[in-house]
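If you read the sequence from its start, that first residue is 1, and numbering goes on from there. Side chains included, hydrogens not; waters and symmetry mates left out as well; all remaining heavy atoms used. Note that this is a predicted model, so its numbers are computed, not measured.
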Amino acid sequence: LCFLLPFVTFGQFLSNSYSFSDPIIVNSNPELGLNRPRVIVDEDGLPVVMWTSFDDKKIYISRYNGSEFNEPTSILPENFPFYGNQNYGPEIDNNGNTVAIALYNTIDTMSNVYIIFSTDGGENFSEPVKIVEEESLIEGAGVHVNSDGFPIVTYENLPSSGEASQLVGFGQFVDDNPGIIFENFIIANEFTEGVPCECCLGDITSNEQSIVFTYRNNINNVRNMFACTYNNITGSFNEGFSIDS
């Protein structure tokens with residue numbers, strides 16, 4: 001597992017040209033797994049890399065100290081299951097030193113979504129906190145940390161009817177255990193024509209003014225990408241608009 005550091009100058013930026021460092025080894029131990037690497041940058045500009053081991057059901061974190069990546073740390077409790085393959089698995093995002101990871105599993109026929117968080121740039125992580133439990137099949141879970149440092153989690157469920165829904169929940173940190181709570185999850189695609197494709201997790205992003213959710217949609221067996229914006233007044237997502245066809 002290797003990482004490339006980009007180097008760009010102002011003149012290079014204007015000419016849209018970039019140069020990269022030689023590859024830096026993050027992990028060379030195959031026993032720690034090499035699945036689905038993800039990267040964030042902490043408030044000091046240093047990369048933090050997350051990856052998973054599907055076989056051992058572990059999530060690893062390694063932080064760059066300016067010259068090398070430190071020894072990988074396993075951040076899940078022992079024998080804690082999660083779902084992962086080449087398409088789906090734990091996802092990570094951050095704003096500054098607030099880091100959040102979303103993952104999901106199925107235990108005793110119930111589908112669950114969990115969040116793990118760090119407030120020190122990934123040095124230490126919380127225990128997994130269950131934020132969703134339902135009978136419907138869950139296809140994937142994603143996470144975004146907004147400009148206020150609050151995590152937003154999205155997941156896709158597939159009930160027995162076969163019509164998938166994309167759900168979004170807003171989290172906030174609290175002083176009491178478990179340290180974070182989520183409001184009720186809402187259906188992001190509720191007012192958008194068509195049905196979400198059952199195989200594609202949506203994606204959410206934001207700035208100080210807006211929250212936008214995008215997902216792949218199915219209208220009479222024609223697939224399109226849709227985007228919908230969050231309405232702070234109604235507490236729901238507005239009608240979506242097609243961004244391709």
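The shortest non-hydrogen separation linking P151 to F182 is O-CE2, 3.9 Å. Scanning all heavy atoms of the two residues, the minimum distance from P81 to I107 falls at CG-CD1, 4.1 Å. Among all heavy-atom pairs drawn from R223 and C197, the shortest one is CG-SG, 3.5 Å. Shown here for L46 and G66, the closest heavy-atom pair between the two residues is CD2-N, 4.3 Å. Nearest heavy-atom pair, C228 versus T192, reported as atom, atom and distance to 0.1 Å: CB-OG1, 4.4 Å. Shortest non-hydrogen contact noted between V212 and A227 is CG1-CB, 4.1 Å.
With sequence neighbours excluded, the residues satisfying salt bridge (charged side-chain N to carboxylate O under 4.0 Å, His left out) with E133 are K130. Considering only residues two or more places apart in sequence or on other chains, F125 meets the ring pair (Phe, Tyr, Trp, His ring centres under 6.0 Å) condition with none of them. Residues that satisfy the ring pair (Phe, Tyr, Trp, His ring centres under 6.0 Å) test with F173, not counting sequence neighbours, are F117. Residues satisfying the ring pair (Phe, Tyr, Trp, His ring centres under 6.0 Å) criterion with Y114, sequence neighbours excluded, are F80. For N87, the side chain to side chain contact (heavy atoms under 4.5 Å, CB included) partners at least two apart in sequence or on another chain are N85.
Between the side chain of N112 and the backbone N or O of M110 there is at least one donor-acceptor pair closer than 3.5 Å. No donor-acceptor pair under 3.5 Å is formed between the side chain of N105 and the backbone N or O of V113. In this structure, N146 contributes its side chain and G149 its backbone to a donor-acceptor pair below 3.5 Å. No side-chain donor-acceptor contact under 3.5 Å links N94 to the backbone of N97. Between the N70 side chain and the R63 main chain, a donor and an acceptor come within less than 3.5 Å of each other. Under a 3.5 Å cut-off, the side chain of W51 and the backbone N or O of L32 do form a donor-acceptor pair. A donor-acceptor pair is defined here as one N or O able to donate and one able to accept, closer than 3.5 Å; no such pair exists between the side chain of N231 and the backbone of G235. S111 places a side-chain N or O within donor-acceptor distance of the main-chain N or O of S136, the cut-off being under 3.5 Å. Side-chain atoms of S62 never come within 3.5 Å of backbone atoms of E71 as a donor-acceptor pair (strictly under, hydrogens ignored). Formation of a donor-acceptor pair under 3.5 Å by the D42 side chain with backbone atoms of T98 is not found in this model.
A single hydrophobic cluster is not seen to contain both Y215 and L158; linkage of ILVMFWY side chains at heavy-atom distances under 4.5 Å, directly or through other members, places them apart. Both I116 and F82 are assigned to one and the same hydrophobic cluster, defined by single-linkage of ILVMFWY side chains at heavy-atom distances under 4.5 Å. Put simply, I187 and V195 are part of two different groups of oily side chains (I, L, V, M, F, W, Y) that touch within less than 4.5 Å, one to the next. Note on V129: it does not cluster hydrophobically with V145, by side-chain heavy-atom contacts below 4.5 Å among ILVMFWY residues. Hydrophobic clustering places V143 together with Y88 (ILVMFWY residues linked when any side-chain heavy atoms are closer than 4.5 Å, directly or through intermediates).
Remark: the S206 side chain and the H144 side chain contain an N/O donor-acceptor pair separated by less than 3.5 Å. R216 and N218 share no side-chain donor-acceptor pair at under 3.5 Å. A donor-acceptor contact closer than 3.5 angstrom links the side chains of D120 and S118. A donor atom on one side chain and an acceptor atom on the other are found under 3.5 Å apart for S67 and N65. For the residue pair N189 and Q166, no side-chain donor N or O sits within less than 3.5 Å of a side-chain acceptor on the partner. Side-chain contact, N157 with E134: a donor N or O sits under 3.5 Å from an acceptor N or O.
One finds the CD1 atom of I152 at 10.5 Å from the CZ atom of F185 (value rounded to the nearest 0.5 Å). A distance of 12.0 Å separates OG1 of T106 from CD of E135, quoted to the nearest 0.5 Å. Atom OG of S242 sits about 7.0 Å away from atom CD1 of I219, to the nearest 0.5 Å. Between the CG atom in L34 and the CG atom in N29 there is a gap of 8.5 Å [rounded to 0.5 Å]. To the nearest 0.5 angstrom, M50 atom CE is 9.0 Å from I40 atom CD1. One finds the CG atom of L103 at 14.0 Å from the OH atom of Y155 (value rounded to the nearest 0.5 Å).
The shortest distance between side-chain heavy atoms of P90 and I59 falls below 4.5 Å. A 4.5 Å side-chain heavy-atom check between V132 and I138 finds at least one atom pair inside the cut-off. You'll find the side chain of E127 reaches within 4.5 Å of the side chain of P77, heavy atoms only. You'll find the side chain of V48 reaches within 4.5 Å of the side chain of I61, heavy atoms only. The side-chain heavy atoms of N238 and F191, taken from C-beta on, include no pair separated by under 4.5 Å. Looking only at side-chain heavy atoms (C-beta outward), I115 and V153 come within less than 4.5 Å of each other. Residues V174 and I180 fail the side-chain proximity criterion, which asks for heavy atoms closer than 4.5 Å. With contacts defined as side-chain heavy-atom distances shorter than 4.5 Å, the pair L76/P128 qualifies.
Listed by first and then second residue, the salt bridge (Lys or Arg N to Asp or Glu O under 4.0 Å) pairs involving residues 196-210 amount to none (not counting sequence neighbours).
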One pair to check against side-chain contact (heavy atoms from CB on, under 4.5 Å): V41 and Y64. What are the steps and the verdict? CA-CA 10 Å; V41 178; Y64 189 68; over 6 Å; no
Set out, in order, the CA-CA distance, both residues' side-chain angles and the distance that settles side-chain contact (heavy atoms from CB on, under 4.5 Å) for E193 and E239, then state yes or no. CA-CA 8 Å; E193 180 186 7; E239 180 181 358; 5.9 Å; no
Decide yes or no on side-chain contact (heavy atoms from CB on, under 4.5 Å) for N184 and I186, but give the supporting numbers first. CA-CA 6 Å; N184 291 334; I186 59 175; 5.6 Å; no
Candidate pair Y230 and F170, rule ring-ring contact (aromatic ring centres under 6.0 Å, His included), full reasoning: CA-CA 11 Å; Y230 183 71; F170 300 86; 4.8 Å; yes
Are I75 and I101 close enough, and set up right, to give a side-chain contact (heavy atoms from CB on, under 4.5 Å), and what steps lead you there? CA-CA 11 Å; I75 63 171; I101 297 172; 3.5 Å; yes
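Taking 4.0 Å as the cut-off between side-chain N and carboxylate O, E78 and K58 count as a salt-bridged pair. A salt bridge is absent between R38 and D93; no separation between the charged side-chain nitrogens and carboxylate oxygens falls under 4.0 Å.
Heavy atoms of other residues, nucleotides or ligands lying less than 6.0 angstrom from CG of D44 number more than 12. Enclosure of atom CD1 in I25 is not indicated, since only 12 or fewer non-hydrogen atoms of other residues, nucleotides or ligands lie within 6.0 angstrom.
Between Y83 and F54, a ring centre-to-centre spacing not shorter than 6.0 Å is recorded.
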